[in-house]
Structures are given as C-alpha cells and as structure tokens.
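What follows is one structure encoded as structure tokens, with my remarks underneath.
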Amino acid sequence: MEAGKKVLVIGSGGREHAIVKSLAKSPKVEKIYCAPGNAGIALDAECVNLKVDDVEGIVNFAQRHNIDLTVIGPEAALVAGLADAMNAVGCKVFGPTKDAASIESSKEFAKQLMVKYNIPTAKYESFNDYDKAYKYVQTLKAPYVIKYDGLAAGKGVVIAQDLEEADAALKDMLLHHKFGTGKVIIEEFLQGPEFSFMCMVSGDKVYPLELAQDHKRAYDGDQGPNTGGMGAYSPVPFVSPEMREKALNEIMIPTAKALVKEGVPFTGVLYGGLILTDEGPKVIEFNARFGDPETEVVLPRLESDIFDFFNAVIDGKDFIPQWSHDAVIGVVLASKGYPGQYAKGAEIKGLDKVNGEVFHMGTFSKEGKFHVAGGRVLMVTAHGEDLPDANANVRKDIEWIECPDLFHRTDIGKAVLK
C-alpha cells in the first residue's frame, strides 16, 4: 500500500492518543486528524472541532479531506451510527455498525447472545421494576453484581457488598435514572482474577491482540468506587498460553460467529472483559471498541504497522501482528475527587522530564502549558524487560510530574509484581 495516507481518529481520550501515536509510526501515514482530540493529541495530530456523535459533520469532513481511513474510538460514536453512515458513502471505517455495537450498548442483548450460543458467562436476570429487582437481590448471596443495561462510560457496574449498597445502586439506576431510563442486569458474582482480551474482528475472522489487566477501583488495594480505569499492564502472567487459547476458541471466536449468525456482523475491536474462574474463563462484559486504559499498554507493544493491520481487518485479509516482548505498565493520574466532583484548571508541570510515554486523557493547553480538564487526566506508561522493571520505570516518571490536584494508585499490577 502506497504512502501519503490520511487518517481520521474519532475521540478525545487516552485511548485515542494511543491510536494516534501508533498511526504516527506508520511510514504510510502522512497526515492524522483527530476529532475532537485533546491538548496532548494536538502534539501528534491536527485536532478537528467536531463532537464524536456529530455524524453528518464527521462524514462531510472525511469526504472533503479525502480521508483514507477513519478509526472510531468511543462507544458514543458507534451508538450514534457513525460507522453505518461512513459505510453508506463508501468511506473506509474501522468500527462496528450501530446494531453490532449492541454487544456493548445493551447488556441484555449481550447476555441473551451468550446464553443462546453457549458462551460461558454468569447467570443473570434483568429488571426494569425496582421492587422486583430488590426482591430478587434478597434471594441471592452477597456480593451482588448490578449493571445498568446501557452506556454508562464505564461506571454502570456496581459490585455491592451488602443489601444496603445493592439497594442504593438499584435506586440510582431504576428510580433516580442516574444513567438514563433503562433496565438493570443482576448477575451471580464470579470469583477469580479479571483480564482484558481485545480482538480485532472482521465478520467471523478474529485477530487476537495481547492481553492486559485493568484496575477499575479508584484507590490502592482495589478500594473505593469504580472508575473508567486507573491503570493497566501487559502482558498478563497469570493467564497461561493454554488458557488464552481456551478464551479465544470458546469465547471470542464463537461470539464473532454468533454476531454473524444474528445478522449483525462485527468489524472493529471486540473487547472481552473476562474472568478466570475455577471452571475456566468466563465473560463479565463485552465492549465494542478498544478498552481504555488497556489500549495505552497494548498498542505500544505492537511492532507491526497498525495502518496495515486496520486495513487488513476491514478487508477481511489475513494478518499476523508482531509484538514486542517488553512489558508495559501504565498509571492514570486523576483529579482528586474523581469519579465524583473535582476541580479543573490546575497547571501540570514536569511532563517534559518523563522518559516513557504520556497519554493525555483530560487536559487543555494555554500559552504552551498543560492544565487539568477532566477526571482522568493523564496516563504515564513505561516499558521494561519484565513487569517489575516496567513498574520501576513508571514510578520514576511519575515523580517528575507536579500537580497538587492529581492522585494516582501506587499498586497497579501489584498481584503480578511479587
């Protein structure tokens, strides 16, 4: 494929920054745009002032600028039907259709699909009535897994330790409509370590990526509320090659084939949030796009040209990605108070001293200086010969960064660093 290609990335977070940085390594890519992007992404791409769900605006931009490839990052763009609209006008796009993205946008659709096709997952019931949901919870043993059946920016899952906490979650979702008007899914609690298995998918063809593990809780020791992710690492030593193959052959490939059989073939990244139980890997959730913050530790390990990889997947061609043997650990620096209320505007100093990579999640720049603009603000990642080495490197890098309004977890990857 010839050089001089133009690529448009949709989104404004750390995931999109990682995609942009990977595309920038391709000798075939001449120009990268990002809509809307952020202050850090602006260092690597030209930011375009378009919202991720402005389908008409994005399609017009892609046509006007002769974009060769559009890569969709966030779920909101998928649910808005951006991939459908791009396909309709013949623009090459990496991302599933709105119907295929139902694997993420409707947890009930995902659960029904898994039950129908015998894909291992937790037992569940769904409810849109608070009283019935609470009565059902009372028949179960703690902890209770309660999920909002819709998009909730990674915050729609509550693992309640007692009935009081479960009741509060049900009231938030079904009475106070914290995430919108919808159902809840109540699942059995599964025991075991969790891991993220992202695969690029083209219909029934599945191209597995390297594994990662995300850390959702806000504070050390997996304490505090669920967040969009406070850090991640790759590879994942506790998942053996045999268990990875089992997850690929019993979960990821059957799910891709099931979507084809249901008439909603998937093109893009199918994200499996999996758990390694005594009975083998099972599905906690599916997402229809790259995970964040897992993308920031997986894509830096990719040695193949990601532009070629994206195009091969879209075209359904064979492609065997090459991966670095390095380990990567990434730590999120978040605003104090996140995922609740937090202040914006504080200056961030010392980023120029970091040796590893800095992915911007929620920043703005003013007069050449970076400032806090969101809940998750930055993700600092470092490579190493192994995970302990990568961890030592990322710790050194974080020490350079000065901002009193930020906090971070100090135990990312702790379980595998012993």
Side-chain angles (χ1 to χ4, degrees), residues 13-16 18-19 22 73-75 96 101 103-104 107 110 114 119-122 145 147 152-157 159 190 192-201 206-217 222 226-241 243-253 255-256 266 268-277 280-302 321 323-324 327-332 359 361 376 379 381 387 390 409 411-416:
R15 164 184 50 218
E16 289 75 31
I19 295 168
S22 289
E75 60 272 29
I103 192 94
E104 174 174 7
K107 288 182 174 61
M114 286 184 272
I119 295 161
T121 188
V145 181
K147 299 179 178 181
K155 303 185 188 85
V157 178
I159 300 172
L190 297 176
E194 298 178 23
F195 63 101
S196 303
F197 196 176
M198 295 185 286
C199 294
M200 294 204 196
V201 171
V206 176
Y207 312 72
L209 308 186
E210 289 291 281
L211 301 181
Q213 190 187 47
D214 177 21
H215 293 61
K216 285 288 186 201
R217 297 282 187 166
D222 288 325
N226 265 339
T227 71
M230 294 298 293
Y233 66 88
S234 177
V236 181
F238 64 77
V239 181
S240 67
M243 203 55 71
R244 179 182 181 273
E245 284 302 298
K246 188 177 176 70
L248 179 63
N249 293 317
E250 296 183 8
I251 293 174
M252 304 307 292
I253 292 174
T255 301
F266 192 101
V269 173
L270 181 64
Y271 168 110
L274 310 183
I275 184 166
L276 192 54
T277 73
K282 294 187 178 185
V283 179
I284 297 173
E285 65 173 352
F286 281 118
N287 291 332
R289 34 77 193 184
F290 280 110
D292 190 352
E294 295 95 334
T295 304
E296 293 92 310
V297 296
V298 171
L299 289 191
R301 298 186 60 209
L302 179 66
W323 299 94
S324 163
V328 178
I329 288 186
V331 178
V332 171
F359 298 105
M361 297 173 139
R376 292 190 301 165
M379 183 163 170
T381 67
L387 288 167
R409 283 185 59 166
D411 64 346
I412 301 301
K414 185 178 179 181
V416 297

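Note that these values count all heavy atoms, side chains included, but never hydrogens, waters or copies made by symmetry.
- At distances below 3.5 Å, not a single donor-acceptor pair connects side-chain atoms of R409 with backbone N or O atoms of G231.
- Nearest approach of M243 to P281, heavy atoms of both residues: SD-CD, 3.5 Å.
- Here the CE-CG distance, from M198 to N287, works out to 10.0 Å after rounding to the nearest 0.5 Å.
- For the pair T121 (side chain) and V283 (backbone), a donor-acceptor distance under 3.5 Å is present.
- Residue D214 comes nearest to M230 through the heavy atom pair OD1-N, 4.2 Å, listed as atom of the first residue, atom of the second, then distance.
- Contact record, I103 with A288: CG2-CB, 4.1 Å, taken as the closest heavy-atom pair.
- Rounding to the nearest 0.5 angstrom, the gap separating the CG atom in L274 from the CD atom in E250 is 11.5 Å.
- Annotation for R376 and P293: closest pair NH1-CD, 3.9 Å, computed over non-hydrogen atoms.
- Between the side chain of E294 and the backbone N or O of D292 there is at least one donor-acceptor pair closer than 3.5 Å.
- Using modelled atom types, no side-chain atom of E104 and backbone atom of A101 make a donor-acceptor pair closer than 3.5 Å.
- At least one donor-acceptor pair closer than 3.5 Å links the side chain of H215 to the backbone N or O of G413.
- Within the 4.5 Å cutoff, the side chain of Y233 has no heavy atoms near those of the V328 side chain.
- At a threshold of 4.5 Å between non-hydrogen side-chain atoms, the residues W323 and S234 do not count as touching.
- Listed here is the closest heavy atom pair of A232 and V297: O-CG1, 3.6 Å.
- The backbone N or O of V157 sits less than 3.5 Å from a side-chain atom of N226, completing a donor-acceptor pair.
- Here the shortest heavy-atom pairing between L209 and R244 reads O-NH2, 3.4 Å.
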Q: For the pair I253 and C199, evaluate side chain to side chain contact (heavy atoms under 4.5 Å, CB included) and give the outcome as yes or no after the intermediate values.
A: CA-CA 9 Å; I253 292 174; C199 294; over 6 Å; no
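- Formation of a donor-acceptor pair under 3.5 Å by the S196 side chain with backbone atoms of G273 is not found in this model.
- Inter-residue side-chain proximity for I251 and F286 is flagged as met; some heavy-atom pair is nearer than 4.5 Å.
- Counting only heavy atoms from C-beta outward, the side chains of I159 and R217 approach each other to under 4.5 Å.
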Q | M200 vs F290, side chain to side chain contact (heavy atoms under 4.5 Å, CB included): CA-CA, chis, key distance, verdict | A | CA-CA 9 Å; M200 294 204 196; F290 280 110; 4.0 Å; yes
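- In this structure, the side chain of Q213 engages the main chain of E194 through a donor-acceptor pair within 3.5 Å.
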